[in-house]
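What follows is a short report on a single structure.
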Number of protein chains: 2
Amino acid sequence: MGLFSKTCEYAMRAVFYIASHSADGSRPGIKEIAENINSPEHFLAKILQKLSKGGIISSIKGPNGGFYIEPNGLKRPLADIITCLEGDEIFTGCGMGLSYCSESNPCPLHNEFKKVRNQLTHMLYKTSIGEFNSELLTGALTLNK
Amino acid sequence: MGLFSKTCEYAMRAVFYIASHSADGSRPGIKEIAENINSPEHFLAKILQKLSKGGIISSIKGPNGGFYIEPNGLKRPLADIITCLEGDEIFTGCGMGLSYCSESNPCPLHNEFKKVRNQLTHMLYKTSIGEFNSELLTGALTLNK
DNA sequence: CGAATAAAAGACAAAAATATCTTTTATTCA
DNA sequence: TGAATAAAAGATATTTTTGTCTTTTATTCG
Ligand code: FES
Ligand code: FES
């Protein structure tokens with residue numbers, strides 16, 4: 001059990017990969033992306049379709065087609081990926097699974113859990129999709145294995 | 001997608017419930033626990049069996065039987081519940097799903113994710129199972145809905 | 001002992017997440 | 001125009017998680 005679902009893990013890796021290759025106007029295809037982030041190709045395709053519909057990434061069909069991200073898109077927060085794929089439960093939900101997280105009728109973990117959740121939220125909102133482009137291109141940061 | 005699995009959510013709620021009723025030596029049964037934490041009875045039974053084998057909780061069969069926690073057990077950290085049920089991946093795993101989290105070959109989120117993960121870990125280790133007993137008994141804290 | 005109780009254990013079912021394969025649609029380019 | 005390319009879409013399969021039901025085992029107590 002990781003903190004994020006496989007869907008979100010693959011999505012974040014793929015988006016970082018696409019972002020780092022969008023700087024120079026190139027458009028990696030599904031196969032290339034899947035290989036470089038070590039994910040199942042067709043499963044990733046579904047995820048990218050959803051991200052594309054959600055406006056996080058863009059795509060072009062046919063020869064020389066592939067996925068890319070608009071310059072403005074590179075500024076969007078990582079959180080948008082999670083929200084697009086699975087909603088905002090992870091940002092707002094009760095840590096112990098109560099149907100809603102409440103100040104007035106809290107679960108035992110509420111006060112401390114809130115801090116963890118806020119830090120996670122903060123991390124995902126302050127990190128932008130294009131933030132690691134140069135480190136990814138130089139290989140200082142990794143997306144597979 | 002919550003931060004924890006249903007299994008862990010139910011487990012934490014149940015253990016808090018059992019803990020708060022172990023102070024006075026009473027032993028709630030599966031049915032009572034499931035009703036009070038709002039969980040599926042037989043699914044919870046499986047979870048409690050595992051926690052029992054793991055030594056987190058104790059049980060007695062037959063009339064007047066049920067679940068309880070030893071006085072010493074009340075001091076154990078909440079983290080033990082997670083570890084017993086699903087191992088320690090949530091405490092050590094890579095946020096983006098790489099096969100292991102590494103300082104020397106990190107994923108883009110590593111530095112920030114590490115902080116979130118550490119805070120979560122810290123919360124689960126510093127919180128003890130019996131910590132909320134009185135607030136739970138007075139109803140200041142809630143475990144259902 | 002024998003009936004009643006309650007957890008343990010096992011079998012099964014449903015739902016969700018993950019993964020794979022095939023067909024269709026849009027685009028390029030010779 | 002027609003062949004090739006690549007994403008979109010649809011269908012199906014597998015695995016994991018979650019949930020339910022039944023049988024067994026241990027214990028109590030009359
Ligand atoms: S009520 Fe549980 S985290 Fe807020
Ligand atoms: S390498 Fe990804 S969190 Fe450490």
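On a predicted model such as this, the values are computed, not experimentally measured, just so you know. Letters A, B, ... are given to chains in the order of the sequence lines, protein chains preceding strands, and every chain is numbered from 1.
D/dA6 atom P lies 16 Å from atom CG of A/L44, rounded to whole Å. Rounded to a whole Å, the CD1 atom of B/I47 is 15 Å from the C1' atom of C/dA7. Regarding B/Q49, its CD atom lies at a distance of 5 Å from the P atom of C/dA8, rounded to whole Å. In this structure, the NZ atom of B/K50 is 16 Å from the C1' atom of C/dG10, given to the nearest Å. The distance between atom CD of A/E41 and atom C1' of D/dT5, rounded to the nearest whole Å, is 14 Å. Atom CZ in A/F43 sits about 19 Å away from atom P in C/dT22, given to the nearest Å. Spacing between atom CZ of A/R13 and atom C1' of C/dT18 amounts to 14 Å, rounded to whole angstrom units. The distance from atom CG of B/L51 to atom P of C/dA7 is 14 Å, rounded to the nearest whole Å.
Closest to the side chain of B/P40, out of D/dT18, D/dT20, C/dT5, is D/dT20. In the set C/dA8, D/dA8, D/dT20, D/dT20 carries the atom at the smallest distance from any side-chain atom of B/H42. Comparing C/dA8, C/dC21, D/dA9 against the side chain of B/S59 picks out C/dA8 as the nearest.
Under the 4.0 Å criterion applied to side-chain N and carboxylate O atoms, B/R27 and B/E32 are not assigned as salt-bridge partners.
At a threshold of 4.0 angstrom between heavy atoms, the contacts of A/I60 are confined to the sugar-phosphate backbone, with no base atom among them. B/K46 comes within 4.0 angstrom of a base, heavy atoms only. Among the protein residues, A/K53 comes within range of the sugar-phosphate backbone only, with heavy atoms under 4.0 Å from sugar or phosphate atoms but none that close to a base.
Taking only side-chain nitrogens and oxygens, B/T7 comes nearer than 4.0 Å to OP1 or OP2 of D/dT18. A/S52 has no side-chain polar atom (N or O) that falls below the 4.0 Å cut-off from OP1 or OP2 of D/dA7. When the side-chain nitrogen and oxygen atoms of A/Y10 are compared with OP1 and OP2 of C/dA19, one or more of them lie within a distance under 4.0 Å.
Between the side chains of B/N118 and B/K115, no donor N or O sits under 3.5 Å from an acceptor N or O.
Each of B/F43 and A/L98 belongs to its own hydrophobic cluster when Ile, Leu, Val, Met, Phe, Trp and Tyr are linked at side-chain heavy-atom distances under 4.5 angstrom. The hydrophobic cluster containing A/Y68 does not contain A/I56, counting ILVMFWY residues as joined when their side-chain heavy atoms lie under 4.5 angstrom apart, directly or transitively.
Residue side chain B/K61 reaches the base of D/dT25 through a donor-acceptor N/O pair under 3.5 Å, judged by distance alone.
Residue whose closest nucleotide on DNA chain D sits further toward the 5' end, between A/F67 and B/S5: A/F67.
Across every non-hydrogen atom of B/L109 and A/M12, the tightest pair is CD1-SD, 4.1 Å.
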